[in-house]
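Notes follow once the structure below has been shown.
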Amino acid sequence: MPELPEVEVVRRGLDRWVSGRTVAEVEVCHPRAVRRQTGGGLDFAARLTGRVLGPARRRGKYLWLPVDEAAGDRRSALLGHLGMSGQLLVQDPAVPDETHLRIRLRFTDGGRELRFVDQRTFGHLAVDDLLFDGPGDAQGLPAALAHIARDPLDPLFDDAGFFTALRAKRTTVKRALLDQSLISGVGNIYADEALWRSKLHYDRPTETLTRPLAATLLANAREVMTAALAVGGTSFDSLYVNVNGESGYFSRSLDAYGREGEPCYRCGTPIRRAAWMNRSSYFCPRCQRVPRQRAY
DNA sequence: AGACCAACCTGCTGGC
DNA sequence: TGCCAGCAGGTTGGTC
């Protein structure tokens with residue numbers, strides 16, 4: 001469940017069903033799922049067993065739950081990224097194991113267990129050190145996330161700083177939107193949606209973006225992700241689900257992504273799909289034109 | 001230093 | 001029916 005709205009849906013589920021519970025047992029079924037853990041699966045399990053998981057937090061597409069926060073231990077957190085196909089499910093222990101079950105956490109209360117299920121294993125879990133900015137920082141940030149920018153739904157996101165960095169980048173606008181060190185949480189779907197709403201071509205050089213255009217783009221990214229979050233995120237199939245295995249409804253509200261050959265909702269021109277960086281870009285060839293000042 | 005993209009995986013779909 | 005190419009919501013390490 002890849003992009004910000006889908007990850008936020010999962011964060012809320014973890015906060016409701018997992019936070020406050022004590023880990024009884026950790027089972028790592030596939031070593032690739034803990035490949036970022038220095039010390040491997042044994043270390044991962046040792047750093048969680050017997051510990052209490054705190055409130056679920058998120059930055060961009062990353063999730064984490066502080067470990068033993070209530071007990072005054074402010075040093076580590078269970079960190080997760082869902083990659084392309086990862087799921088975090090809160091599942092009754094009686095439910096048979098999923099085909100791609102990678103990690104299982106059992107709890108001391110004997111209730112529903114937490115399962116990390118990931119078909120392609122691009123996602124991962126790890127226990128990471130929490131870094132604190134100073135006495136005023138009550139929450140901290142996992143060390144591995146030092147290079148991840150705040151996401152646009154974060155109240156502390158720096159709009160002015162984003163505009164400046166965007167203009168300074170020697171790149172094109174969709175690359176910039178997907179650059180998690182510039183702005184996090186935006187992926188291929190919401191990048192295409194924000195660009196469509198802004199009438200911007202994905203290959204437009206960032207240096208040609210005026211401040212009002214950049215502001216419009218940012219506002220549209222916020223709007224489309226907020227709207228998606230309100231209906232549980234985007235899901236085309238059962239691969240992208242919340243902690244209870246349920247899909248969101250935003251796929252029916254997409255204006256560009258996945259609509260190749262279908263009419264643009266603004267002008268009726270068929271939406272086009274272009275191969276782009278080993279993936280796809282969906283856009284309206286009439287509403288979203290490459291500006292003339294550069295040949296592409 | 002900064003930009004780029006191949007590689008990491010599994011499964012599904014559509015064309016031949 | 002079978003096979004194979006192409007595609008999928010992301011990130012990174014290595015290269016230039």
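As a basis for the values below, the full set of heavy atoms in this structure was taken, side chains included, without hydrogen atoms, waters or symmetry mates. First the proteins, then the strands, lettered A, B, ... as listed; each starts at 1.
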Q) Choosing from C/dG9, B/dC9, B/dC4, which nucleotide comes nearest the side chain of A/Thr234? A) C/dG9
Q. Just how far, in rounded Å, is C1' of C/dG10 from CG of A/Leu177?
A. 15 Å
(Q) How many whole angstroms separate atom CD of A/Gln87 from atom P of B/dG11? (A) 13 Å
Q: Specify whether A/Phe250 and A/Tyr190 have parallel, tilted or perpendicular ring planes, treating 30° as the upper limit for parallel and 60° as the lower limit for perpendicular.
A: tilted
Q: Describe the nucleic acid contact of A/Asp118 in one word from base, sugar-phosphate, nothing, applying a heavy-atom distance below 4.0 Å.
A: nothing
**Q.** From A/Asp192 atom CG to A/Lys174 atom NZ, the distance as rounded to the nearest 0.5 Å
**A.** 3.5 Å
Q | A/Thr171 side-chain proximity, nearest of C/dG9, C/dT11, B/dC4 | A | B/dC4
**Q.** Shortest side-chain distance from A/Arg36, nucleotide among C/dG10, B/dA3, C/dT12
**A.** C/dT12
Q: Give a yes/no answer on whether the side chain of A/Lys169 brings an N or O atom under 4.0 Å of OP1 or OP2 in B/dA3.
A: yes
What are the atom names and distances for every N/O pair under 3.5 Å that joins the protein to nucleotides 6-8 of chain C?
{"residue": "C/dC7", "atom": "OP1", "partner": "A/Arg273", "partner atom": "NH2", "Å": "3.4"}
{"residue": "C/dA8", "atom": "OP1", "partner": "A/Ser280", "partner atom": "OG", "Å": "2.6"}
{"residue": "C/dA8", "atom": "O3'", "partner": "A/Tyr257", "partner atom": "OH", "Å": "3.3"}
{"residue": "C/dA8", "atom": "N3", "partner": "A/Arg120", "partner atom": "NH1", "Å": "3.2"}

Q | Counterpart base for C/dG9, defined by Watson-Crick or G-U wobble contacts under 3.5 Å | A | none
Q: Ignoring the backbone of A/Ser235, work out which of B/dC5, C/dG9, C/dT11 is nearest its side chain.
A: C/dG9
(Q) Distance check, rounded to the nearest 0.5 Å: A/Arg36 atom CZ versus A/His124 atom NE2? (A) 6.0 Å
Q. Any salt bridge between A/Asp129 and A/Arg47, counting N to O under 4.0 Å?
A. yes
Q) Do the charged groups of A/Arg197 and A/Glu193 touch, with an N to O distance under 4.0 Å? A) no
Q: Take the protein atom CG of A/Leu166 and the nucleotide atom P of B/dG2, then report the distance between them rounded to whole Å.
A: 16 Å
Q. Would you say A/His100 reaches B/dG11's phosphate, i.e. side-chain N/O to OP1/OP2 under 4.0 Å?
A. yes
**Q.** Value rounded to 0.5 Å, distance of CZ in A/Arg115 from CD1 in A/Ile103
**A.** 13.5 Å
Q) Given that A/Arg32 and A/Thr99 both sit by DNA chain B, which one's nearest nucleotide is further toward the 5' end? A) A/Arg32
Q: Starting at atom CG of A/Leu239, determine the distance to atom P of B/dC9, rounded to an integer number of angstrom.
A: 18 Å
Q | Salt-bridge present (A/Asp109, A/Arg21; N to O < 4.0 Å) | A | yes
**Q.** OP1 or OP2 of C/dT11 under 4.0 Å from side-chain N/O of A/His81
**A.** yes
(Q) Any strand counts, and the cut-off is 3.5 Å on both contacts for Watson-Crick or G-U wobble. Which nucleotide pairs with C/dC4? (A) B/dG14
Q) Does C/dT12 have OP1 or OP2 sitting under 4.0 Å from an N or O in the side chain of A/His147? A) yes
Q) Quantified in whole Å, what is the P atom distance between nucleotide B/dA6 and nucleotide C/dG6? A) 14 Å
Q: Let me know the distance between OH of A/Tyr62 and P of C/dT11, rounded to the nearest Å.
A: 6 Å
Q: Mind checking A/Phe250 for me? I need base, sugar-phosphate or nothing, with any heavy atom below 4.0 Å counting as a touch.
A: nothing
Q) For atom P, what is the distance between B/dC12 and C/dT11, given to the nearest Å? A) 24 Å
**Q.** Spacing of A/Glu207 atom CD relative to B/dG2 atom P, expressed in whole Å
**A.** 16 Å
Q: Start with the C-alpha distance between A/Arg286 and A/Arg266, add both sets of side-chain angles, then the distance that settles side chain to side chain contact (heavy atoms under 4.5 Å, CB included), and finish with yes or no.
A: CA-CA 10 Å; A/Arg286 182 165 169 192; A/Arg266 264 191 310 252; over 6 Å; no
Q. Are A/Phe236 and C/dG9 stacked, counting the six-membered base ring, centres under 5.5 Å, planes under 30°?
A. no
Q) Does A/Arg175 put a side-chain nitrogen or oxygen below 4.0 Å from OP1 or OP2 of B/dC5? A) yes
(Q) Would you say the base of B/dC8 stacks on A/Phe122 (centre-to-centre below 5.5 Å, plane angle below 30°)? (A) yes
**Q.** Presence of A/Gln180 side-chain N/O under 4.0 Å of C/dG10 phosphate oxygens OP1/OP2
**A.** no
Q: Using atom CG of A/Asp237 as one end and atom P of C/dG9 as the other, report the distance to the nearest whole Å.
A: 11 Å
Q.
Nearest 0.5 Å, please: how far is CG in A/Leu209 from OG1 in A/Thr172?
A. 10.0 Å
**Q.** Interatomic distance, A/Tyr190 OH vs C/dG10 P [rounded to whole Å]
**A.** 10 Å
